There are 2 protein chains.
Amino acid sequence: MTHPTDRRGHRPDARPQPAGPPTLATVADEAGVSRQTVSNALNNPELLRPETLTRVQEVIDRLGYSPNRAARQLRTRSSHLIGLRFEPALEGTSNALMDRFLHSLVATASETGHHLLLFSGDPEDPLDGYDDLLRSTAVDAFIVTDTYAGTPQSGFLRDRGAPFVAFGRPWDEPGAAHAWLDVDGAAGARLATRHLLEQGHRRIAWLGWERSSRIGQDRRSGWEDTLREAGVDPTGLGVRLTDNVDAARMAAHHVLDDPTVTGFVCASDTLGLGVLHALAERGRQPGADVGVVGFDDSAAAQVTWPGLSSVRQPLERVAQDLVEILHLVLAHKPIAEPGRMLAPSLVVRRSSLRGWTP
Amino acid sequence: MTHPTDRRGHRPDARPQPAGPPTLATVADEAGVSRQTVSNALNNPELLRPETLTRVQEVIDRLGYSPNRAARQLRTRSSHLIGLRFEPALEGTSNALMDRFLHSLVATASETGHHLLLFSGDPEDPLDGYDDLLRSTAVDAFIVTDTYAGTPQSGFLRDRGAPFVAFGRPWDEPGAAHAWLDVDGAAGARLATRHLLEQGHRRIAWLGWERSSRIGQDRRSGWEDTLREAGVDPTGLGVRLTDNVDAARMAAHHVLDDPTVTGFVCASDTLGLGVLHALAERGRQPGADVGVVGFDDSAAAQVTWPGLSSVRQPLERVAQDLVEILHLVLAHKPIAEPGRMLAPSLVVRRSSLRGWTP
DNA sequence: ATGAAAGCGCTAACAC
DNA sequence: GTGTTAGCGCTTTCAT
């Protein structure tokens, strides 16, 4: 099970050839300095005399030395690993974002020498996986992404004193002290609604999720407020359903039976696409006849015909800020505000543009 | 070693409160056994007398002890971490798959206590990131996903004696000795083409990538062979372009100027959606008038109107097999064959079904 | 079946 | 500035 070749001997004189990667001792021997000096060259180069530093650095390069992570981690109690629980979308929307988000996260984290540790857990238990990683000191911190109403991860991690940042505001406790970051869903829906109003639509419907979804409620409020401000009564224009193309298609048909409705703002691209389906079935033109805007700017919104306008979350920025905040938390530095809210933007495609023809 | 029982602190009286997670020593003290016995309880439970085991186990549970990963890793030279370089899609196709693939991978790996370590690297340098992780013994093995023609990762890792499995066959060296797994793209295209033939289409076009793409060539060969077997001359029916909706849309228009062409098999869903765009612009019905099949069964294929048939890779299976092979490699066990080929399946939606009407 | 000793590779203290 | 010493928490001989 272990290495067949016993790499470095227990005998004091044994050091035939380095069977594994070079260690600090190898470098020290080669450079004719002590191990500590090599360590300093790595971690506190300013302590070394320039000529020594150069010499050590040269040996490091020549040998292709990289400090052993396990040893360093054991000593410094820092793994430079950020834990992220990764599992199938819980609320339909998150999945579409995950890819973009992960990429940005990995790229940003690597700038400071951190890597992402992906783990999974029992879908029934939102805490599964966290505790074990924590107790085994496998990660420095967590990024928590699935902070829907009632999810206990934040409280759990806070109680255990584990460093973490949440992507998603603490819906249930607005005054929560932990660090978090979120995208303003209401502002996104506001953007979408205003855009449709500018396109000349008045009676604009909302297709959203069940009332239990706080994210959904937040987004919906943006639509409702904007409509009211424009002097349009939203009563009867809001529909609640599950995040599913076919459910949205049928709901849209129902809504469209009222010919005064000419616009849809949707809580997700999935729902927006459902509206597009209904329009296709009715032989009506998206954009020209009925304006439709989705949410999250998924790949499907971009490639579907004739293009679905959508509210886009600044995920690259989210990832950067998340990592930045994490560094503050890890350094025990004070954070100006526990929460930070980012503004989404609107990507306009033909589904909400009046003046285009195939 | 001054005080074997006295962890942390050089002074006997230092730090009464357990500042960190419990260690093996804590458990040993609490259970009244030596540290090694606790270690054995964890790693070789059969060595312990049942009653001792029970007692130790009870203390472990009560204290919530998990072995420190860094220490264990330092000692056993195994991190239980699998490295995966994660970056924006290199060939258009991979991105759509990544999400499903990653989920399966994380879930499968966790069954044996392994986690996924995501890292990134300079997009210009396909080897960036691997070497450092290797030298710092941060991961046990790699899963390499971007093995297009000419990508040097496999050779590099093999030369360094690093354990890894490739998702993607060694295009340039068919006899390569390293472990790999791939999905049979030609078989997928064959499935799609045969399906369109069965739907009554004869002159079936191919929309694929540039000749330089080996994956693309492989898939194309499935289309070409099947057409030939059916007695249809594929000459002039194959188009090469970049993986882009609009390029595909324009190419499809061009192809459709020949009214004898009534089917499209595409190297990706992106291209398939481009064909759908062209059909919409021409007022022709997908499925009823022209059959279209994409590749990779992306989310967009599922939610777009009227549903895009697509060849689906068994990514869950891929992930499982990858991990299984990795375990063999890590255990230095012989692998029956270096390469393993998995068959894709066809997901039929309305874009290739003749008998449906909106 | 259990215990003692050694050491994986590194860095934080403290000499010199 | 550089070297010496002492562990971080764990597993692996080797005794008992």
Side-chain angles (χ1 to χ4, degrees), chain A residues 1-3 6-12 14 18-29 31-56 65-80 135-138, chain B residues 1-11 14-15 18-29 31-56 65-80 135-138:
Chain A
M1 184 176 153
T2 40
H3 282 290
D6 192 0
R7 50 192 302 277
R8 223 171 311 291
H10 311 279
R11 305 158 312 244
T23 75
L24 204 119
T26 323
V27 177
D29 281 6
V33 295
S34 77
R35 311 211 308 283
Q36 184 55 41
T37 301
V38 180
S39 174
N40 283 336
L42 252 38
N43 304 307
N44 305 86
E46 73 280 3
L47 290 183
L48 294 207
R49 195 186 318 163
E51 65 174 54
T52 317
L53 180 58
T54 313
R55 184 155 45 95
V56 173
Y65 167 73
S66 283
N68 181 303
R69 289 216 169 218
R72 178 174 268 186
Q73 176 178 351
L74 182 57
R75 193 59 203 161
T76 63
R77 313 189 154 281
S78 155
S79 62
H80 278 212
R135 291 182 317 201
S136 60
T137 65
Chain B
M1 166 102 31
T2 42
H3 298 286
T5 54
D6 179 18
R7 55 192 296 272
R8 99 183 69 263
H10 314 279
R11 299 156 312 235
R15 198 73 57 93
T23 75
L24 203 110
T26 322
V27 176
D29 279 6
V33 297
S34 77
R35 311 210 309 281
Q36 295 64 33
T37 303
V38 181
S39 175
N40 283 336
L42 252 38
N43 305 310
N44 305 85
E46 72 281 1
L47 291 183
L48 294 208
R49 194 186 317 162
E51 64 173 53
T52 317
L53 181 57
T54 313
R55 186 156 42 97
V56 173
Y65 166 74
S66 283
N68 182 303
R69 290 216 168 217
R72 180 174 265 186
Q73 177 179 351
L74 181 57
R75 197 55 240 230
T76 64
R77 308 183 159 282
S78 155
S79 62
H80 278 212
R135 290 183 317 200
S136 60
T137 65

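The sequence lines fix the lettering, A, B, ..., with proteins before strands; numbering per chain opens at 1. Owing to the predicted nature of the structure, the values given are computational and were not obtained by experimental measurement.
A donor-acceptor pair under 3.5 Å is absent between the side-chain atoms of A:N44 and the main chain of A:L47, judged by distance alone.
For a distance-only test at 3.5 Å, the side chain of B:R75 qualifies as a donor-acceptor partner of the base of C:dG7.
Whole-Å rounding puts the A:L42 CG to C:dC10 P distance at 9 Å. Atom pair B:R72:CZ and C:dC10:P shows a separation of 21 Å (rounding to whole Å applied). The CG-P distance, from A:L47 to C:dC16, rounds to 20 Å in whole Å. In this structure, the CD atom of A:E51 is 11 Å from the C1' atom of D:dG1, given to the nearest Å. The CZ atom of A:R69 sits 16 Å away from the C1' atom of C:dT11 (whole-angstrom rounding). Between the CG atom of B:N40 and the P atom of C:dG3 there is a distance of 10 Å, rounded to whole Å. Atom CD in B:Q36 sits roughly 9 Å away from atom C1' in D:dT12 (whole-Å rounding). The distance between atom CG of A:N43 and atom P of C:dG9, rounded to the nearest whole Å, is 17 Å.
Listed nucleotides D:dG3, D:dT12, D:dC10 differ in distance to A:V33; the shortest reach to its side chain belongs to D:dG3. Checking C:dC10, D:dC8, D:dC10 against the side-chain heavy atoms of A:R77 singles out D:dC8 as nearest.
Residue B:S39 has no polar side-chain atom (N or O) positioned under 4.0 Å from OP1 or OP2 of D:dC10. Residue B:T37 has no polar side-chain atom (N or O) positioned under 4.0 Å from OP1 or OP2 of C:dT2. Phosphate proximity of C:dG3 to B:S34: present, with a side-chain N or O under 4.0 Å from OP1 or OP2. Contact check, A:T76 against D:dC8: no side-chain N or O comes under 4.0 Å of OP1 or OP2. Distances shown here put every side-chain N or O of A:N68 at or beyond 4.0 Å from the OP1 or OP2 atom of C:dC10. Applying the 4.0 Å criterion to OP1 and OP2 of D:dT11, one finds that B:R35 has every side-chain N and O outside that range.
No side-chain heavy atom of A:V38 sits under 4.5 Å from any side-chain heavy atom of A:R35. In this structure, the side chains of A:L53 and A:V56 stay at 4.5 Å or more apart for every pair of heavy atoms.
Checked by atom type, the side-chain pair A:N40/A:Q36 shows a donor-acceptor distance below 3.5 Å.
Among the atoms of the strands shown, base atoms are found under 4.0 Å from some heavy atom of B:L74. As judged by a 4.0 angstrom heavy-atom cut-off over every strand, B:L24 is placed among the base-contacting residues.
Taking both residues in full, the closest heavy atoms of A:P67 and B:S136 are given as O-CB, 3.2 Å, listed atom of the first, atom of the second, then distance.
Along DNA chain C, the nucleotide closest to A:V38 and the one closest to B:R55 are compared, and the more 5′ of them pairs with B:R55.
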